[in-house]
Amino acid sequence: MHEMTLVAGILEIAEERAREAGAARINTVTVEIGRLAGVELSALVFCFETARLGTMAAGAELVVCELPGRGRCPACGADAEIDFYAALCPACDGCLQVVGGRELRVASLDVD
């Protein structure tokens with residue numbers, strides 16, 4: 001379960017940014033996660049609920065914005081939404097190259 005490691009990183013980033021802003025508490029952590037990032041969302045939420053205890057985010061809500069996978073065909077230049085790393089171009093049946101959906105980032109914080 002690598003989600004606990006991801007949550008540890010998310011909390012580290014969130015606390016660092018909150019301290020930089022002079023905040024005492026984190027209310028909400030919003031993360032953007034691509035569908036191709038290999039993250040099990042339910043496991044991430046479970047890990048967040050556990051790992052946040054004893055941190056500035058002890059009472060924080062985790063908001064997850066899931067981003068679609070995106071592929072681009074090198075042959076014809078068409079873009080398409082994809083759910084897997086191996087996908088065919090809907091226009092010419094060429095192999096799509098992944099150009100989006102692997103992201104995992106802290107998008108915003110709400111702090112006091």
Side-chain angles (χ1 to χ4, degrees):
M1 179 188 303
H2 71 110
E3 282 76 7
M4 185 58 87
T5 302
L6 297 174
V7 165
I10 290 168
L11 287 170
E12 184 179 324
I13 291 167
E15 286 191 309
E16 183 179 313
R17 298 296 182 260
R19 283 190 193 96
E20 289 172 359
R25 180 177 62 187
I26 300 170
N27 300 316
T28 306
V29 178
T30 302
V31 295
E32 294 177 337
I33 302 175
R35 280 195 196 132
L36 303 175
V39 177
E40 178 61 44
L41 295 182
S42 62
L44 187 83
V45 171
F46 174 79
C47 291
F48 183 83
E49 298 288 323
T50 302
R52 70 182 178 169
L53 301 177
T55 72
M56 292 175 70
E61 175 187 7
L62 178 66
V63 176
V64 176
C65 299
E66 193 173 16
L67 303 174
R70 300 290 311 165
R72 180 168 295 133
C73 181
C76 72
D79 289 330
E81 190 169 314
I82 58 175
D83 290 329
F84 303 100
Y85 277 94
L88 296 178
C89 175
C92 73
D93 285 336
C95 292
L96 295 175
Q97 293 179 339
V98 176
V99 295
R102 295 181 280 204
E103 304 87 344
L104 193 162
R105 63 178 155 253
V106 176
S108 66
L109 301 173
D110 177 71
V111 298
D112 286 334

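Val31 has its side chain out of reach of Val63: every pair of non-hydrogen atoms, C-beta onward, lies at least 4.5 Å apart. The shortest side-chain heavy-atom distance between Leu41 and Glu66 falls under the 4.5 Å cut-off. A 4.5 Å side-chain heavy-atom check between Asn27 and Asp112 finds at least one atom pair inside the cut-off. With a 4.5 Å cut-off on side-chain heavy atoms, Ile33 and Leu67 do not count as touching. In this structure, Val7 and Leu44 have side chains that are in contact, with non-hydrogen atoms separated by less than 4.5 Å. At least one side-chain heavy atom of Cys92 sits less than 4.5 Å from a side-chain heavy atom of Cys73.
Here the shortest heavy-atom pairing between Ala18 and Val111 reads CB-CG1, 4.0 Å. Residues Arg72 and Gly77 share a closest heavy-atom pair of CG-O, 4.1 Å.
Interatomic distance, Cys47 SG to Glu3 CD, rounded to the nearest 0.5 Å: 6.0 Å. In this structure, CD1 in Ile82 is found 10.5 Å from CD in Gln97, a value given to the nearest 0.5 Å. In this structure, the separation between CG on Leu109 and OG1 on Thr30 is 7.5 Å, given to the nearest 0.5 Å. The CG atom of Leu62 sits 9.0 Å away from atom CZ of Arg52, with the distance rounded to the nearest 0.5 Å.
Annotation for Glu12: atom CD does not count as buried by contact number, only 12 or fewer foreign heavy atoms lying within 6.0 Å.
Between the side chain of Glu81 and the backbone N or O of Pro68 there is no donor-acceptor pair closer than 3.5 Å. A side-chain donor-acceptor contact under 3.5 Å links Glu103 to the backbone of Gly101. Proximity of a side-chain donor or acceptor of Thr55 to a complementary backbone N or O of Ala51 within less than 3.5 Å is not detected. The backbone N or O of Met56 lies less than 3.5 Å from a partner atom in the side chain of Glu15, making a donor-acceptor pair. Panel note: side chain Tyr85, backbone Leu36; a donor-acceptor pair is recorded below 3.5 Å. Using modelled atom types, no side-chain atom of His2 and backbone atom of Val39 make a donor-acceptor pair closer than 3.5 Å.
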* To do: Begin with the C-alpha distance, continue with both residues' side-chain angles, and end with the deciding distance and a verdict on side-chain contact (heavy atoms from CB on, under 4.5 Å) for Val98 and Arg70.
  => CA-CA 6 Å; Val98 176; Arg70 300 290 311 165; over 6 Å; no
* **Stepwise side-chain contact (heavy atoms from CB on, under 4.5 Å) check, Asp83 with Arg35** => CA-CA 7 Å; Asp83 290 329; Arg35 280 195 196 132; 3.8 Å; yes
* To do: Before giving the answer on salt bridge (charged side-chain N to carboxylate O under 4.0 Å, His left out), spell out for Arg19 and Glu16 the whole-Å C-alpha distance, their side-chain angles and the decisive distance to 0.1 Å.
  => CA-CA 5 Å; Arg19 283 190 193 96; Glu16 183 179 313; over 6 Å; no
* Verdict with supporting geometry, Arg17 and Val106, side-chain contact (heavy atoms from CB on, under 4.5 Å) -> CA-CA 10 Å; Arg17 298 296 182 260; Val106 176; over 6 Å; no
* Take Cys95 and Cys89 through the side-chain contact (heavy atoms from CB on, under 4.5 Å) test and state the conclusion after the steps. => CA-CA 6 Å; Cys95 292; Cys89 175; over 6 Å; no
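Leu88 and Phe84 fall into different hydrophobic clusters, where Ile, Leu, Val, Met, Phe, Trp and Tyr side chains are chained together by heavy-atom contacts under 4.5 Å. By the rule that hydrophobic residues join a cluster once side-chain heavy atoms approach within less than 4.5 Å of another member, Val64 and Leu6 end up as members of one cluster. Under the 4.5 Å side-chain heavy-atom criterion for Ile, Leu, Val, Met, Phe, Trp and Tyr, Val45 and Ile10 are members of the same hydrophobic cluster. Criterion: ILVMFWY side-chain heavy atoms under 4.5 Å apart, direct or through other members. Under it, Ile13 and Leu104 are part of a common hydrophobic cluster.
Residues Ser42 and Glu40 bring a donor and an acceptor atom of their side chains to less than 3.5 Å of each other.
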